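Worksheet: one structure, shown below.
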Amino acid sequence: MSGIGPVEPGEGTHAGDAPSPHGRLAPLYTRHRRAVLAAGAAAVVLAGGLLHVTRPRPEPPAPPAYPSQAVEFTYLGPEPPQDGLPAGSFSFGVGVTTRDGPPITVTRISQPSAGLTVSARPRPPFGSPVDDVRTVVITLRVTDCGKVPRNAGLPFLDVTLRNRRAIEDHSFILGGRYAHDLSEAIEVACSNDRASLPKPENTPENASALPAASHNADRANRP
């Protein structure tokens with residue numbers, strides 16, 4: 001029996017190959033094919049760029065805390081008297097601790113009373129280590145007993161702090177024990193100051209002056 005079977009591919013051809021134009025249409029086909037490939041590549045690049053832009057990005061790290069939020073001043077108690085200090089001086093210990101964040105530098109320590117001066121050992125500027133207590137000796141001196149607070153309810157220290165984020169002026173209240181010890185030290189210093197003042201002499205001139213003044217005052221007030 002005879003019949004017509006499947007057409008076999010010719011020599012040099014394969015069944016899956018797409019036909020390609022010949023003759024004058026060949027350059028046009030080549031240019032068109034290159035344009036299609038270029039457009040496809042551009043679409044892939046564009047899609048990749050959009051994916052990169054729109055994908056979630058990790059949050060930037062939070063900035064470090066302000067220095068006043070990360071450092072702690074703690075009252076430690078009176079310090080022994082130091083040799084060579086002027087009269088009316090007394091000292092206290094204060095612990096300075098940086099709880100977290102970058103290191104903090106204490107650049108200034110002062111207090112608000114006009115009748116007191118303050119100094120510190122170590123002298124500012126000095127660093128405050130992280131998670132470690134640095135003991136600072138604060139020395140106060142009474143310079144004018146008429147201008148110092150005798151019973152300060154909440155005395156505080158004014159400090160200037162610096163870290164990588166900011167420079168801050170801040171006031172630290174050291175608590176009731178510091179207020180009590182400060183008031184006692186001021187009272188002792190001013191009592192010693194009054195005791196060192198020369199007492200007026202009880203001379204005849206001084207003895208007669210006061211009654212005369214009082215007598216004149218009585219006469220002036222008399223009807």
Side-chain angles (χ1 to χ4, degrees), residues 61-200:
Y66 286 100
S68 63
Q69 298 171 345
V71 74
E72 188 175 78
F73 278 62
T74 306
Y75 179 60
L76 301 179
E79 287 284 317
Q82 303 175 47
D83 296 334
L85 291 179
S89 300
F90 44 89
S91 301
F92 302 113
V94 175
V96 183
T97 307
T98 300
R99 294 186 297 270
D100 54 27
I104 290 175
T105 300
V106 180
T107 63
R108 180 185 64 92
I109 297 178
S110 64
Q111 55 77 46
S113 174
L116 292 172
T117 62
V118 62
S119 60
R121 191 176 75 244
R123 181 181 299 177
F126 58 83
S128 171
V130 179
D131 294 331
D132 193 12
V133 180
R134 179 163 198 171
T135 300
V136 180
V137 177
I138 306 295
T139 298
L140 299 163
R141 181 192 173 206
V142 178
T143 57
D144 189 340
C145 288
K147 295 181 180 179
V148 294
R150 296 302 181 88
N151 294 303
L154 292 173
F156 52 85
L157 289 178
D158 294 326
V159 300
T160 301
L161 306 168
R162 183 184 72 229
N163 71 355
R164 195 171 66 232
R165 181 172 185 179
I167 298 175
E168 279 188 300
D169 293 324
H170 194 75
S171 298
F172 286 94
I173 297 174
L174 299 181
R177 192 160 65 97
Y178 172 68
H180 175 267
D181 292 348
L182 177 62
S183 296
E184 278 198 348
I186 290 174
E187 187 62 36
V188 170
C190 289
S191 297
N192 293 337
D193 185 61
R194 287 192 296 268
S196 65
L197 292 175
K199 297 180 180 179

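No experiment lies behind these values; they were computed from the predicted model shown. Just the heavy atoms: all of them, side chains too, but no hydrogens, waters or symmetry mates, feed the values below. All residue numbers refer to positions in the sequence shown, counting from 1.
- In this structure, CG on Leu76 lies 7.5 Å from CZ on Arg177, to the nearest 0.5 angstrom.
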- prompt: Would Leu182 and Phe92 satisfy side chain to side chain contact (heavy atoms under 4.5 Å, CB included), going step by step from the backbone distance to the final call?
  reply: CA-CA 9 Å; Leu182 177 62; Phe92 302 113; 4.1 Å; yes
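- Here the closest heavy-atom approach between residue Ile104 and residue Pro67 is recorded as CD1-O, 3.5 Å.
- Sorted by first and then second residue, the salt bridge (charged side-chain N to carboxylate O under 4.0 Å, His left out) pairs with a member in residues 110-119 form an empty list; sequence neighbours excluded.
- Among pairs with a residue in residues 86-100, those fulfilling salt bridge (charged side-chain N to carboxylate O under 4.0 Å, His left out) read Glu72-Arg99, at least two apart in sequence or across chains.
- With sequence neighbours left out, Arg108 forms a salt bridge (Lys or Arg N to Asp or Glu O under 4.0 Å) with Asp169.
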message: The test is side chain to side chain contact (heavy atoms under 4.5 Å, CB included); show your working for Leu174 and Leu157 and say whether it passes.
response: CA-CA 8 Å; Leu174 299 181; Leu157 289 178; 3.9 Å; yes
Under 3.5 Å, sequence neighbours excluded: what are the donor-acceptor pairs made by side chains of residues 161-168?
from, atom 1, to, atom 2, distance (Å)
Asn163, OD1, Arg165, N, 2.9
Asn163, OD1, Ala166, N, 3.1
Asn163, ND2, Ala65, O, 2.9
Arg165, NH1, Pro64, O, 2.9
Arg165, NH2, Tyr66, OH, 3.4
Glu168, OE1, Ser68, N, 2.9
Glu168, OE1, Ser68, OG, 2.8
Glu168, OE2, Ser68, OG, 3.2

Do any side-chain atoms of residues 80-89 form donor-acceptor pairs under 3.5 angstrom with protein atoms, and if so which ones, sequence neighbours left out?
from, atom 1, to, atom 2, distance (Å)
Gln82, OE1, Arg121, NH1, 2.8
Gln82, NE2, Ser91, OG, 2.9
Gln82, NE2, Thr139, OG1, 3.4
Ser89, OG, Pro86, O, 2.8

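- Sorted by first and then second residue, the salt bridge (charged side-chain N to carboxylate O under 4.0 Å, His left out) pairs with a member in residues 86-96 form an empty list; sequence neighbours excluded.
- Scanning all heavy atoms of the two residues, the minimum distance from Asp158 to Ser171 falls at OD1-OG, 2.6 Å.
- Between the side chain of Ser113 and the backbone N or O of Gly115 there is at least one donor-acceptor pair closer than 3.5 Å.
- Side-chain atoms of Leu116 and Ile186, non-hydrogen and from C-beta on, do get closer than 4.5 Å to each other.
- Here the side chains of Phe90 and Pro78 are not in contact, with every heavy-atom distance at 4.5 Å or above.
- Here the closest heavy-atom approach between residue Arg134 and residue Phe126 is recorded as NH1-CB, 4.0 Å.
- Contact detail for Val148 and Cys190: the closest heavy-atom pair is CG2-SG, 4.3 Å.
- Closest heavy-atom contact between Val133 and Gly95: CG1-CA, 3.8 Å.
- Aromatic ring pairs are classed by plane angle as parallel below 30°, tilted from 30° to 60° and perpendicular above 60°; the pair Phe172 and Phe73 is parallel.
- Side chain to side chain, Thr143 and Thr117 fail the donor-acceptor criterion of an N or O pair below 3.5 Å.
- Across all their heavy atoms, Ala189 and Val142 have their closest contact at CB-CG2, 3.9 Å.
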